[in-house]
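Beneath this line is the structure, given in structure tokens, with notes to follow.
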Number of protein chains: 2
Amino acid sequence: MEQMPPPDLRIHRPPQMLRELAVERLRGAIIAGRFPSGARLVERALCDQLGVSRSVVREAIRILETEGLVESLPNRGPVVARLDWGQARQIYDIRRLLEGSAAAGCAAVADGAVKAELAAALAAMRGGSDAVFAATTRFYEVIFRSAGQDIAWEIVQRLNGRISRLRALTLAATDRAVPGHERMARIAAAIAANDPDAARAAVEAHLDEAAGIARRMLEGV
Amino acid sequence: MEQMPPPDLRIHRPPQMLRELAVERLRGAIIAGRFPSGARLVERALCDQLGVSRSVVREAIRILETEGLVESLPNRGPVVARLDWGQARQIYDIRRLLEGSAAAGCAAVADGAVKAELAAALAAMRGGSDAVFAATTRFYEVIFRSAGQDIAWEIVQRLNGRISRLRALTLAATDRAVPGHERMARIAAAIAANDPDAARAAVEAHLDEAAGIARRMLEGV
DNA sequence: GCAGTTAACTTGGTATACCATCATACGGAA
DNA sequence: TTCCGTATGATGGTATACCAAGTTAACTGC
């Protein structure tokens with residue numbers, strides 16, 4: 001006999017650990033530019049601002065360090081990492097390889113469900129910049145996961161933290177939302193047509209454009 | 001007139017932080033198989049074994065977590081991550097992309113100094129497995145750095161932590177040291193000839209062979 | 001034999017204290 | 001006045017003790 005599934009009545013106490021929340025807060029603040037490049041991250045001050053203890057702050061900083069958002073100088077403590085065009089170029093190059101490969105792999109195996117999810121993410125991109133960000137993330141996650149490349153997806157997400165700082169400025173300066181949507185629609189179309197080469201080319205075109213914008217912003221300064 | 005480079009007289013006080021030492025010890029122990037897959041990493045026990053305090057152990061575990069060597073279950077604590085062929089395959093795929101690109105980039109720009117360093121690393125591979133490991137690392141570091149791909153090098157190093165666990169078994173089982181040396185010599189030759197395509201092909205052949213060995217080990221079980 | 005309770009252990013988190021180092025500001029001597 | 005040394009404070013790094021919540025396992029009573 002099939003039992004009724006046990007109803008999930010749990011209080012849903014945040015299963016997220018305090019340190020994860022701290023990481024997200026800090027990462028968000030850095031990406032949003034509330035901590036400028038080179039700013040010192042004073043532990044005790046962060047404890048007050050986040051309302052957590054030093055252990056949590058320190059572990060969070062270690063994690064952000066591995067993401068390249070923070071770097072610790074000996075005897076000086078952590079500071080917000082600087083981002084120059086040399087680094088951004090490398091990151092775009094790596095994303096070009098990884099996302100291109102994932103899009104090709106996804107196009108090779110995409111079935112109806114994958115295509116529907118991509119279309120849904122694309123449709124969800126109407127709205128505020130928060131919705132755009134979430135939908136974009138979802139879009140790429142579907143591509144990577146369906147291509148069976150979870151580890152590459154993790155790497156790309158970590159890399160994105162570093163260059164997401166550019167997005168804040170990009171969005172503030174130019175309204176790139178519409179062309180971005182267009183580019184992603186082209187990627188989705190190539191995947192819908194199960195055309196790996198076209199998918200890779202679309203991804204690379206998208207990234208080349210983004211890299212160009214980043215370059216103008218970072219080199220112009 | 002060329003000035004003498006300023007002599008480095010610094011006392012060289014261990015600039016390494018305790019936490020870095022702990023990370024290296026733990027990583028080494030996991031790679032060497034002293035902590036089997038799935039084993040729980042009890043914080044207080046590690047404090048005793050490493051002779052450091054909980055703060056250090058916890059931060060070290062966070063770092064190993066981002067390397068994929070450890071994963072933390074809520075309310076259970078950290079355990080040694082399991083490595084299956086699905087993950088290893090993904091890692092080899094990513095290395096194929098990144099190392100292939102780096103070798104091609106290196107071959108495109110390599111000058112005499114780079115070629116000499118590669119030859120030196122190759123020569124240093126005579127010796128115990130420690131020397132082989134160090135020389136191999138140095139070999140790839142030269143390739144990535146000379147290609148201007150420091151960030152990709154960091155990523156590859158992090159990924160390598162995960163599959164280095166295989167190397168311990170590989171070396172124990174088969175003596176792949178000699179063919180490995182041969183493969184790397186072919187990479188160095190392609191770079192010495194400034195032939196990017198050949199360099200990429202040599203790297204990919206090397207990795208395909210390594211992936212094949214890993215597959216037989218992980219799928220056979 | 002089995003169910004329910006309890007006890008021990010572990011974790012995540014916090015607070016606190018201590019030390020070494022670095023930067024700065026102050027004060028005295030040439 | 002200027003320079004040097006020192007006192008002081010801020011900061012990071014480390015260690016230790018403690019608590020609440022959860023898991024695990026044993027134990028006990030039926």
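A, B, ... follow the sequence lines: proteins, then strands. Residue 1 opens every chain. Everything quoted here is computed from the prediction, not taken from an experiment. Heavy-atom basis, side chains included; hydrogens, waters and symmetry copies ignored.
- Without hydrogens or angle criteria, B:Ser146 side chain to B:Val142 main chain gives a donor-acceptor distance under 3.5 Å.
- The aromatic rings of B:His206 and B:Tyr140 lie parallel to each other, with less than 30° between the two planes, well short of the 60° mark.
- With sequence neighbours excluded, the residues forming a salt bridge (charged side-chain N to carboxylate O under 4.0 Å, His left out) with A:Asp208 are A:Arg96, listed by chain and number.
- Residues A:Ala107 and A:Ala199 come closest through the heavy atom pair CB-CB, 4.0 Å.
- The B:Arg40 side chain lies nearest to C:dT10 when the options are D:dG13, C:dT10, D:dA15.
- Here C:dT21 presents its C1' atom at 14 Å from CG of A:Leu73, a figure rounded to the nearest Å.
- Remark: P of C:dG13 and CD1 of B:Ile61 are 13 Å apart, rounded to the nearest angstrom.
- Spacing between atom CZ of B:Arg76 and atom P of C:dC9 amounts to 17 Å, rounded to whole angstrom units.
- Between A:Asp150 and A:Phe144, every side-chain heavy-atom pair lies at or beyond the 4.5 Å cut-off.
- When the C1' atom of C:dT14 is taken as reference, atom CD of A:Glu59 falls 12 Å away, rounded to whole Å.
- Here B:Arg19 reaches the OP1 or OP2 of D:dG13: one of its side-chain N or O atoms lies under 4.0 Å away.
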Detail all sub-3.5 Å separations between protein N/O atoms and N/O atoms belonging to nucleotides 17-19 of chain D.
unit_1	atom_1	unit_2	atom_2	d
D:dC18	N4	B:Arg44	NH2	3.4

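- Contact annotation: B:Ser53 reaches the phosphate of D:dA15 (side-chain N/O to OP1 or OP2, under 4.0 Å).
- Between B:Glu71 atom CD and C:dT11 atom P the separation is 15 Å, expressed in whole Å.
- As a whole-Å value, the separation of A:Asp48 CG from C:dA15 C1' is 13 Å.
- Between A:Glu141 and A:Gln157 there is no side-chain heavy-atom pair separated by less than 4.5 Å.
- The closest donor-acceptor contact from the side chain of B:Arg215 to the backbone of B:Ala210 lies at 3.5 Å or more, if one exists at all.
- Counting only heavy atoms from C-beta on, B:Val42 has its side chain closest to C:dT11 among C:dT11, C:dG13, D:dT11.
- Among the heavy atoms of the strands lying under 4.0 Å from B:Leu41 are primed sugar atoms or P, OP1, OP2 only; no base atom is included.
- Rounded to a whole Å, the CD atom of A:Glu43 is 10 Å from the P atom of D:dT11.
- Rounding to whole angstrom units, CG of residue B:Leu21 and P of D:dT14 are separated by 9 Å.
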